[in-house]
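Report on the structure given below.
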Amino acid sequence: MPAIRILYFASLRERVGRASAELPGDDPLTVAEAWSRLNPALPLPPNTLAAINHEYVDLGAPVRGGDELAFFPPVTGG
Amino acid sequence: MPAIRILYFASLRERVGRASAELPGDDPLTVAEAWSRLNPALPLPPNTLAAINHEYVDLGAPVRGGDELAFFPPVTGG
Amino acid sequence: MAVRIEIREHGFEPLAELAAHQQALDARLAGRYGATASFIGTMRDHNEGDDVRGMRLEHYPGMTERELARLAEEAVERWSLLDALVIHRVGELLPNDPIVLVAVWSAHRGAAFDACRWIMEALKSRAPFWKHETLPDGSRWVAKNTTG
Amino acid sequence: MAVRIEIREHGFEPLAELAAHQQALDARLAGRYGATASFIGTMRDHNEGDDVRGMRLEHYPGMTERELARLAEEAVERWSLLDALVIHRVGELLPNDPIVLVAVWSAHRGAAFDACRWIMEALKSRAPFWKHETLPDGSRWVAKNTTG
């Protein structure tokens, strides 16, 4: 089973201290569980957005091996 | 006393059959009276707009010698 | 406050006008505006279900400029615009010819969107222009502007 | 339906882009559109009361393009647009640098105004871009977009 690839952007990347991470793909997980497994000492900041494979998802959405899971703060483009 | 200069535009000009007219300026008149004096056989068409010296006015507004009075149909620019 | 109003008797290129105006404006306003909203009205080859071959745009010289300046200044005041530009064609037009350009500059986008649209709607209801369309089998005055 | 989405890593000229896009589009659509609404967002030298010296615009490559295409296509569908163009800068910007261009073409003005504004608001709330500002004495992430 391929791994889950995790990406952090903008202020969240600075807070976490890295731009990306991996989790084994053979373990069923939700988005929120993926966060706490990777960042046990840092509660998910309020207003954090998550996307799986470039689609916005809820924190309860399932993440599977091979997925790209991204965490980021509210967007500020335009 | 200078005359009142009257202008007609667009479909109203075609209906009246001329682009301009004059009335003596020494006679107190309203916009509606100026119309009926000039066009006794043609009732003022509904929705006609009037302006005195480039400012929209009501049909009851007074017209004075030296004024430029314009009659025109609803505007269709833009 | 700045407002530029122009009536053009010959064809014009709205985007070239906009670029030239903006370049001049940057000398004064660079860094101050965050939002530019613009609208271009273009002649279509169809209207109310009919083919349209050409159009004559009449206006009331003098009153037109005054009315356009008045409504643009009203918008500048109301939305604290940094600049506004209105250019309107008159004369003989063919399909795809530009009819009108409205552009506004402001610090924030809400004001730019609101003001640009308001100027267009006010222009359509107040500025003394009249369209006369040439159809395949005759011609007609456009009776009334549709609501935007 | 036509939609063009671009992310630019270097400076761009919104009005030149718009002119080139429109010229290409005229081959297909001349005479069919009566309304072009556009919005240009430009970097200001001040924000929330502070001087801003520069800005870095980050994004999420891949998701950005997908999200922009999705919202532009949604607007095309909803307002029966004839065409839509969205260009957004990323990278290092200075005051007065263009950030974003949104332009739409439609038969009637109401659809053009509505769709252009809707795309900008949707972009601001959904497209994964983040602004990092350089101030005279430090730097900061912009925390939240203001409502338009």
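Proximity of Asn96(D) to Thr42(D): side-chain heavy atoms (C-beta onward) are separated by under 4.5 Å at one or more points. Under the 4.5 Å side-chain criterion, counting only non-hydrogen atoms from C-beta, Asn145(D) is not in contact with Phe129(D).
Ring geometry, Tyr60(D) versus Phe9(A): the interplanar angle falls from 30° to 60°, so the pair is classed tilted.
If you measure heavy-atom distances from Glu67(D) to chain A, the contacts under 4.5 Å come from the side chain alone. The part of Lys144(D) that comes within reach of chain A is its backbone (N, CA, C, O), which places non-hydrogen atoms under 4.5 angstrom from that chain. Contact annotation for Leu49(A): neither backbone nor side-chain heavy atoms come within less than 4.5 Å of a heavy atom of chain D. Neither the backbone nor the side chain of Arg89(D) comes within contact range of chain A; no heavy atom of the residue lies under 4.5 Å from a heavy atom of that chain. Interface remark: Asn47(A) contributes no atoms to any contact with chain D (heavy atom separation under 4.5 Å). Interface residue Arg70(D): only side-chain heavy atoms are found under 4.5 Å from chain A.
Of the possible polar contacts, one joining the Trp35(A) side chain to the Leu42(A) backbone as a donor-acceptor pair under 3.5 Å is found. A side-chain donor-acceptor contact under 3.5 Å links Trp130(D) to the backbone of Pro73(A). Side chain of His88(D) to backbone of Gly78(A): a donor-acceptor contact under 3.5 angstrom is found. Judged by distance alone, with hydrogens and angles left aside, the side-chain atoms of Arg8(D) form no donor-acceptor pair with the main-chain N or O of His10(D) at under 3.5 Å. The backbone N or O of Val52(D) lies less than 3.5 Å from no partner atom in the side chain of Asp45(D), so there is not a single donor-acceptor pair.
Of the residues considered (His132(D), Arg126(D), Met120(D), His59(D)), Arg126(D) shows the highest number of contacts with chain A, using heavy-atom pairs under 4.5 Å. Contact count against chain D (heavy-atom pairs under 4.5 Å) is highest for Ala10(A) among Ala10(A), Ala51(A), Pro74(A). Note: Lys124(D) leads Glu121(D), Glu65(D), Lys124(D) in heavy-atom pairs under 4.5 Å with chain A.
We find that Arg4(D) and Glu6(D) are joined by a salt bridge, their nearest charged nitrogen and carboxylate oxygen being less than 4.0 Å apart.
For Ser125(D), there are no side-chain contact (heavy atoms from CB on, under 4.5 Å) partners, not counting sequence neighbours.
Of residues 12-23 of chain D, not one residue has a non-hydrogen atom less than 4.5 Å from any non-hydrogen atom of chain A.
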